[in-house]
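To start, the structure itself, in structure tokens.
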Amino acid sequence: MRLDKFLAQSSGFSRKDVRKMLRAGEITLNGEEVRDPALHISEEDLICLDGMPLDPPGERYLMLYKPEGCVCSNDDSTHPTVLSLIDLPRADELAICGRLDVDTTGLVLVTSDGKWAHRVTSPKHKTGKVYLVETADPIPADAVEKFEKGLMLANEHFRTKPATLEILSDYEARVTLTEGRYHQVKRMFAALGNRVESLHRESIGAIQLDPDLELGEYRELTEEEVQSI
Ligand code: URA
């Protein structure tokens, strides 16, 4: 592929801008400054813009370990967004697949592939989202059946879809949902007169939060993880 085509597709800049960047010496090929837009490059070549490696053109699929205090939104005037943690060109245009509250931690999937994002979030696809919950009051055994039957949440007309509640200790449980209503886990516990003290998402479908990621870090999904959705 020609260098200017690669640059335009992987960075999102126009060919005209790409030529300007080349002229300004902002592009390196395997560590050497390059200025010729017609250069032919191969898959093994490392192309950087201002020292930052550019991904080959194509869809992007990432997992991110969301810390508290960050919002799952493309733009926010008061909090940093999860997308601001991603050091890639045009990261602000990526789609966040299923949002977490500002005080929730854990797995967030981010992609440029709108159809894939829809499969992650649409209840029709029944992709299980698994949360670890700590509550203010003890969790009674009969909550398991209530989660399974579905609960009426405040100001809603339809019961929640069957959810799995696994009680881990008096104040701790693992919840699996296949839908993603606003503050759903917190409101389900509120419907039982309890309160969620902390919430952490462990997995989405077969995709587990990578234990090697630190809070705020992200990595590309493997092909197998992408295909699992
Ligand atoms: N349910 C909630 O209440 N909050 C989240 O962040 C995710 C699910």
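Counting convention: from 1, in listed order, for ligands and their atoms alike. Each residue takes its place number in the sequence, starting with 1.
Interface of His183 with ligand 1, defined as ligand atoms under 4.0 Å from a residue heavy atom, comprises 1 (N), 2 (C), 3 (O).
Separating the SG atom in Cys97 from the CG atom in Asp113 is a distance of 8.5 Å, to the nearest 0.5 Å.
Distances shorter than 4.0 angstrom do not occur between any heavy atom of Tyr182 and any atom of ligand 1.
Of the protein's non-hydrogen atoms, Tyr131 CE2, 3.6 Å is the one closest to atom 7 (C) of ligand 1. The nearest heavy-atom contact from the protein to atom 1 (N) of ligand 1 is Val185 N, 3.1 Å.
Of the charged side-chain nitrogens involved, none lies within less than 4.0 Å of a carboxylate oxygen, so that Arg219 and Asp212 do not count as a salt-bridged pair. Checked for salt-bridge contact, Glu179 and Lys129 miss the test: no charged N lies under 4.0 Å from a carboxylate O. The existence of a salt bridge linking Arg195 and Glu197 is confirmed by a sub-4.0 Å separation between a basic side-chain nitrogen and an acidic carboxylate oxygen.
For ligand 1, the polar-atom distance check finds no N/O of Arg187 at less than 3.5 Å from any of the ligand's N/O atoms. For Asp101, a nitrogen or oxygen atom sits less than 3.5 Å from a nitrogen or oxygen atom of ligand 1, counting backbone and side chain alike.
At a heavy-atom cutoff of 4.0 Å, ligand 1 is contacted by the side chain of Thr104 but not by its backbone. With a 4.0 Å heavy-atom cut-off, ligand 1 is reached by the side chain of Leu199 but not by its N, CA, C or O.
Taking 4.5 Å as the limit, every side-chain heavy atom of Leu209 sits out of range of all side-chain heavy atoms of Glu202.
Residues Phe147 and Tyr131 share a hydrophobic cluster, clusters being chains of Ile/Leu/Val/Met/Phe/Trp/Tyr side chains in contact below 4.5 Å.
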